[in-house]
Amino acid sequence: MMSAVQKPITVLLPNKKKRVWELDFLRGFAVLCMCFDHLMYDLAYARTWFSVRVENGVLDFLQRIAKAYWYSGSYGDLGFRFWAHYLFVFLFLFLVGVSCAFSRDNTKRGAQLGAVAIAFTGVTMVLRKFGIMSQGIVFGILDCIALSILCVALVDCLTAFNKKLNTIVPLVIGLFIIGLGIDKRFWTMGRPFDNTFSFDNLYMYILGTRGFGDDWFGIFPYLGAVFTGVYWGKTVYADRTSVLPRLDGKWNRPFRFVGRHALLFYLAHQVVMAAIVGIAYLIAGYRF
């Protein structure tokens, strides 16, 4: 029988929601890889931001390294960045799918993120008017994630009447979309890439058969990664606990911190990194 002392202790000290550490870790790792990728872009093209340029051995060396990395991502080269880009984007979206399996209301989550994505698009269009961004963002990674979450919510609703169907359908959809993307050579999807926005092509920007913007992610084949993640979350993480509890520790805290605040890091990282790179160039003697 519970004593009068025990009851208020239970109320005052509720059990904290336990997070799956490896999911936060992998999400943080993927976000940091994205930050590195964008930092390389800034270093590769920072000299073009300035009208007065000077020679600087360190900055020139970093620029050469950054350009070598960035050019390895072109379709013609199929180098390190090309494969790393797809690997980490798919990892991140796969984890989005796992999170969808944990969520009680994906419709709400998708709608909220969609609102953030639309607002972010508006900001980029303002930056485009001032010449800070070349094209702006019409359908970027946030839009892709938001629409993918809403698609998951729809499929979940349609299959909710049967638990087995509700579990297996996301895997079937995910593998089909990924397979279709490979068959259609998804690494060339988005080509041709428009230099100016066209409302007539908007549905192609969303699907992924045509590209536009400084950050562009059509839902094909990326939606497939989200759906396979949903299946993984419903099977491997059905009880929502870590499958690698013995590996958890202080060593992964920085990655887990980034993973828990992935949206904040996405929204802020490019501004922060561009500012740091710009200040470094100004200190070196460059002038706008």
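Numbers for residues simply follow the sequence, beginning at 1. FYI, side chains are in, hydrogens and waters are out, and symmetry mates aren't considered; it's all heavy atoms of this structure.
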Could you give the distance from CD1 (I178) to CD1 (I173), rounded to the nearest 0.5 Å? 12.0 Å

Interatomic distance, F88 atom CZ to L93 atom CG [nearest 0.5 angstrom]: 13.5 Å

Determine the minimum heavy-atom distance between A30 and L91, stating which atoms define it. CB-CD2, 4.2 Å

All pairs passing salt bridge (Lys or Arg N to Asp or Glu O under 4.0 Å) where residues 266-288 contributes a residue, at least two apart: none

The criterion is ring-ring contact (aromatic ring centres under 6.0 Å, His included); which residues satisfy it with F220, sequence neighbours excluded? none

I'd like to know if the side chain of H85 reaches the main chain of R81, judged simply by a donor and an acceptor atom lying under 3.5 Å from each other, with no hydrogens or angles considered. no

Taking the side chain as every heavy atom from C-beta outward, state whether R27 and V258 have any pair of such atoms under 4.5 Å apart. no

F193, CZ: over 12 other non-hydrogen atoms inside 6.0 angstrom: yes

When you measure from the side chain of N252 to the backbone N and O of F255, does any donor-acceptor pair fall under 3.5 Å? no

Which pair of non-hydrogen atoms, one from V277 and one from A46, has the smallest distance, and what is that distance? CG1-CB, 3.7 Å

Students should find that the hydrophobic cluster of V52, defined by side-chain heavy atoms under 4.5 Å apart, otherwise consists of none

The remaining residues in the hydrophobic cluster of I276, counting side-chain heavy-atom contacts under 4.5 Å among Ile, Leu, Val, Met, Phe, Trp and Tyr, are V272

Contacts table for residues 151-164: side-chain donor-acceptor under 3.5 angstrom, sequence neighbours left out:
unit_1 : atom_1 : unit_2 : atom_2 : d
D156   : OD1    : N166   : ND2    : 2.7
D156   : OD1    : K234   : NZ     : 3.0
T159   : OG1    : V155   : O      : 2.8
T159   : OG1    : N166   : ND2    : 2.9
N162   : OD1    : K164   : N      : 3.1
N162   : OD1    : L165   : N      : 2.9

When you compare the side chains of R19 and S242, does any donor N or O come within less than 3.5 Å of an acceptor on the partner? no

Evaluate Y237 against L23 for side-chain contact (heavy atoms from CB on, under 4.5 Å), listing each step before the verdict. CA-CA 10 Å; Y237 291 101; L23 299 181; 4.0 Å; yes

Closest approach of R240 and V20, non-hydrogen atoms and distance? O-CG2, 3.6 Å

F212: ring-ring contact (aromatic ring centres under 6.0 Å, His included) partners, not counting sequence neighbours: F197, Y205

What is the minimum heavy-atom distance between A284 and N56, and which atoms define it? CB-ND2, 3.7 Å

Tell me, with the steps shown, if Y222 and I141 meet side-chain contact (heavy atoms from CB on, under 4.5 Å). CA-CA 10 Å; Y222 301 112; I141 188 67; over 6 Å; no

Of all pairs that satisfy salt bridge (Lys or Arg N to Asp or Glu O under 4.0 Å), the ones with a partner from residues 119-143, not counting sequence neighbours: none

Any pair with a residue in residues 210-226 that passes salt bridge (Lys or Arg N to Asp or Glu O under 4.0 Å), sequence neighbours left out, goes on the list, sorted by first then second residue, please. D194-R210

If only atom types and distance count, is the side chain of R53 paired as donor or acceptor with the main-chain N or O of R47 below 3.5 Å? yes

Plane angle bin for F82 and Y86 - parallel if under 30°, tilted between 30 and 60°, otherwise perpendicular: perpendicular

Check whether any side-chain heavy atom of L142 lies under 4.5 Å from a side-chain heavy atom of I118, and answer yes or no. no

Distance in Å, L62 CG paired with L39 CG, rounded so as to fall on 0.5 Å steps: 9.0 Å

Check: E22 and L247 side chains under 4.5 Å, non-hydrogen atoms: no

Value rounded to 0.5 Å, distance of CD1 in I177 from CD1 in I219: 7.0 Å

Partner set under side chain to side chain contact (heavy atoms under 4.5 Å, CB included) for Y45, not counting sequence neighbours: Y41, T48, W70, Y71

So ring pair (Phe, Tyr, Trp, His ring centres under 6.0 Å) across residues 49-68, not counting sequence neighbours, yields F50-Y281, F50-Y286, F50-F288

Given 3.5 Å as the limit, does a donor-acceptor pair link the side chain of T124 with the main chain of I137, or not? yes

Nearest atoms (heavy-atom pairs only) where G181 meets P221: CA-CB, 4.0 Å

Got a donor-acceptor contact below 3.5 angstrom from the S148 side chain to the C144 backbone? yes

Could you list the residues that satisfy ring-ring contact (aromatic ring centres under 6.0 Å, His included) with F139, not counting sequence neighbours? none

Residues two or more places apart in sequence or in another chain: which of them pass ring-ring contact (aromatic ring centres under 6.0 Å, His included) with W21? W251

